[in-house]
Amino acid sequence: MRVAIFGGSGFVGARLFERWMGSDRFEPVPIVHSTGNAWRIVRTGQSVRMCDLLVRASVREALDGCDVVVNATRGSEEVMLGGLRNLLEEAAAARVSRFVHLSSVLVFGDPPPPDSVDESCAATPVEGTYGAIKALQDGLVSRAAAGGLSSAILCPPNIGGAGSHFLLGVARSIADGSFALLDGEPGACALVDVDNLCDAIELALTAERTPLNRLLVVDQDMLPWPAVVRLIADRLGLAMPKSLVSRCAVAQEWRERNVPPARPSLRTALRHIGSSRVRSLLREDPLLGRIESTGKRLIRKMRPSAEETLLQATDGPAGAVAHDPWARLARPYLYQQLRSVYHSSQAAQVALNYAPKMTSTDSISRFCGWFLEMSGWAERDFGDLARFASETVIRGPLAASGGCLATHEEPNVKSQRNWRAG
Amino acid sequence: MRGIGKDALRIAIIGVGQISVQSHLPAILGHPGWKLVALCDPRIEAVRRIGRRFGTNAAAVADFRDVLADCDAAVIATPNTSHSAIALECLARGVHVLIEKPMATTVSDAEAIVDAGVRYARLVAVGNVTRFRPNILLLKRLLDEGRFGAVRRFYHQFGTQGGWAPESGYVMDARRSGGGVLAVTGTHFLDRMLHFWGMPRSIHYSDDSRGGPEAHCEIEFGFDSGLRGMARYSKLFPMLGRLALDTEAGVVALDDTDDADIVHVPVGFSRTVNIIREPDADMTDPFWLQIDDFRSAIVENRRPSVDATQGLLSARLLEWAYGVRRDLNFSGQT
């Protein structure tokens with residue numbers, strides 16, 4: 001069957017393509033928005049189809065000749081919703097025989113609540129978040145399914161394995177010292193190996209019964225966060241993170257940041273226009289600047305304290321100097337550790353016969369092997385220089401040449417880009 | 001700065017894609033010694049929009065040949081494999097050329113450009129713009145003066161996960177780009193390496209091409225002096241762009257940015273890192289410095305700082321590397 005892979009240059013799309021090259025069962029048609037990310041495909045000599053999901057004719061053309069669709073796209077909210085609408089409508093019109101959509105465990109919330117162990121958990125993500133957009137996408141696919149488009153929705157967590165963007169970020173954060181573990185009972189680092197996910201996609205493409213609504217697809221033996229970090233650190237020759245950060249404090253901060261976007265209102269708009277930031281920009285125009293200074297004089301004449309009252313109303317109270325104890329830590333990975341549910345793919349096992357072949361441990365090992373090969377860190381003759389070249393913060397001298405990496409514990413120095421004379 | 005001097009030379013830009021819009025066009029418009037007379041690209045409507053956006057009344061033409069009679073010089077920023085044919089046409093019509101790197105994708109094309117420059121007595125500059133960075137000029141001087149003692153090894157890397165999507169998409173077609181990541185990304189450093197240490201005696205090159213342009217490559221060099229080096233480039237794996245030198249005086253590092261300082265980590269001083277910079281360095285945009293050098297070379301009738309013979313060396317090195325390529329295989333991927 002000819003498979004249109006939308007998001008063909010992404011991590012999952014490109015892996016599907018590689019698995020299916022030369023396959024008798026699946027003929028991949030990688031479809032991309034930009035050539036900039038298509039190297040992994042084009043290095044094989046295969047061309048890609050270009051597509052703008054926001055243009056119906058472009059989607060129609062991309063789908064031409066394809067039997068089934070895998071949607072592994074990401075993008076802006078407009079692309080993820082408007083683009084998906086176009087894709088579903090054109091797929092239905094083209095009478096594709098199966099539409100497999102990649103969702104996310106974040107449809108249940110970020111972090112996913114404890115009862116998102118299985119699919120019966122209600123999807124209640126905060127409005128405006130990535131999880132909310134994915135939940136809306138799921139709704140679109142379900143509606144298309146009700147209209148006759150045979151479909152499957154697969155829900156993975158973070159995706160691991162060789163080439164994993166997620167694990168690459170974790171590894172780099174450990175390497176540059178910005179990673180910290182949370183205290184308390186460690187939760188799962190929920191992962192699915194990219195090949196396990198691709199297996200599930202293949203099963204979903206050929207499953208006899210649909211629709212398949214939101215099936216969790218995860219590794220069988222997910223590991224707790226400290227074990228994942230230990231595996232990566234040991235394999236890449238990195239120091240384990242020393243800091244432990246309060247889980248409660250991180251959760252509190254995440255709750256404060258992860259609020260629905262403010263609703264548009266005239267009052268808020270006027271506050272923004274009146275803020276000192278906007279007024280300083282307006283002052284660059286001679287006419288607006290004159291109006292602004294006239295307005296200030298009038299306000300002062302009304303009441304001496306009126307200007308201060310207005311400033312408080314527009315800018316809020318003057319800021320205090322705060323100490324950020326996590327200033328040197330990578331906050332995204334603090335927040336990631338709040339996602340700690342051991343999800344179950346029992347439903348996928350029943351519906352699809354999904355049986356993950358890669359264990360989490362092997363998946364992370366494979367990632368580390370790929371990392372070492374790509375980075376050159378393990379090379380005999382230049383590995384030391386390769387590691388040195390990768391340091392965002394240059395730490396002390398290497399040992400004498402011959403390729404031995406120094407093991408000095410150096411105080412943190414500012415990264416080279418930030419240094420200035422003095 | 002949009003004023004045009006009364007002795008301004010007339011220049012056309014041939015190929016109005018990303019590099020022209022981001023870099024060449026602003027540099028030319030900001031230089032009083034140049035008058036932009038034409039923007040040449042078959043995508044004529046896009047070119048007209050670009051012209052309006054920059055507020056220039058340069059002619060928008062689909063065929064560069066229509067404007068050569070009115071030009072003193074041209075910037076050639078078309079897909080790599082077209083550089084040679086366009087350059088030869090320009091030179092034959094008496095137009096000096098600044099050709100985006102790589103100057104040519106084959107040695108024979110590069111030799112033809114060198115010969116044409118001589119035959120028609122016109123200058124050929126090559127767009128290895130990083131040579132105009134003050135930190136590169138400084139590092140070259142320090143190396144020539146032996147400030148770090150003998151350089152035993154060097155290592156250079158640069159990697160992104162994708163990125164750089166030229167309008168024409170030519171990088172996705174090895175026939176048009178002249179190669180993959182080595183040709184697209186690596187040639188800047190290869191030029192600097194040749195500038196610092198000359199042509200190597202030996203190279204070992206491997207990449208992950210499976211019939212298309214390579215996305216990841218590794219190349220090792222050996223020099224007559226005993227110097228050994230390695231470079232690694234990727235469109236799949238992000239790597240901080242950095243040159244690291246293992247020298248008698250310690251390790252020296254220079255990041256791949258216009259404003260990076262040279263960092264020296266001395267041997268025997270475990271808690272000291274030296275920052276080396278020139279206090280009065282000219283931090284003008286290197287593309288402006290490049291177009292300024294091109295103009296000065298024309299006016300003074302001298303070689304440009306990066307000329308065709310250097311472009312030819314780069315072409316030789318590139319062809320040599322691709323000629324000895326071996327497969328790279330990575331775990332977990334085909």
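Proteins get letters first, then strands, A, B, ... in listed order; numbering begins at 1 in each.
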Tell me, do [X] and [Y] make a side-chain contact under 4.5 Å, heavy atoms counted?
X: B:Phe237; Y: A:Leu168; answer: yes
X: B:Met230; Y: A:Asp381; answer: no
X: B:Arg153; Y: A:Asp384; answer: yes

Below 4.5 Å from any heavy atom of chain B, which atoms of [X] appear? Answer side chain, backbone, both or neither.
X: A:Ala386; answer: both
X: A:Ile41; answer: neither
X: A:Phe367; answer: neither

Note to self: Does this structure show an ion pair linking B:Arg210 with A:Glu18, if we count only N-O contacts that are shorter than 4.0 Å?
What the structure shows: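 Salt bridge absent between B:Arg210 and A:Glu18.
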
Need one label for [X]: side chain, backbone, both or neither, based on atoms under 4.5 Å from any heavy atom in chain A.
X: B:Glu214; result: backbone
X: B:Pro238; result: both
X: B:Ser234; result: side chain
X: B:Glu220; result: side chain

Check: Ignoring hydrogens and geometry, is there a side-chain-to-backbone donor-acceptor pair from B:Arg242 to A:Phe388 under 3.5 Å?
Finding: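 Indeed, once roles are kept as given, a pair shorter than 3.5 Å links the two residues.
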
Next item on the list: Check whether any side-chain N or O of A:Arg43 sits under 3.5 Å from a backbone N or O of B:His216 as a donor-acceptor pair, and report yes or no.
Entry: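 Answer holds: no.
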
Item checked: Largest heavy-atom contact set with chain B, pairs under 4.5 Å, which of A:Gly376, A:Ser375, A:Gly45 ->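 Going by pairs under 4.5 Å, I would pick A:Ser375.
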
Item checked: Contact winner vs chain B - A:Ala14, A:Ala389, A:Gly161, heavy-atom pairs under 4.5 Å ->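 Highest number of heavy-atom pairs under 4.5 Å: A:Ala389.
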
Tell me, yes or no, whether the heavy-atom count around [X] atom [atom1], taken from other residues, nucleotides or ligands under 6.0 Å, exceeds 12.
X: A:Arg74; atom1: CZ; answer: no
X: A:Lys357; atom1: NZ; answer: no
X: B:Arg201; atom1: CZ; answer: yes
X: A:Glu61; atom1: CD; answer: no

Notebook entry, point to check: So, for A:Glu373 and B:Glu218, which heavy atoms are closest and what is the spacing to 0.1 Å?
Noted result: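 The pair with the smallest heavy-atom distance is O-OE2, 3.7 Å.
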
Item checked: Contact summary for A:Leu385 and B:Phe154, nearest pair of heavy atoms ->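 Result for this residue pair: CD1-C, 4.3 Å.
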
Item checked: Value rounded to 0.5 Å, distance of CZ in A:Arg172 from CG in B:Leu240 ->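 Reported value, rounded in 0.5 Å steps: 8.5 Å.
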
Check: For chain A, which residues from residues 221-229 of chain B lie under 4.5 Å away (heavy-atom distances)?
Finding: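 The list, in residue order, reads B:Arg228, B:Gly229.
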
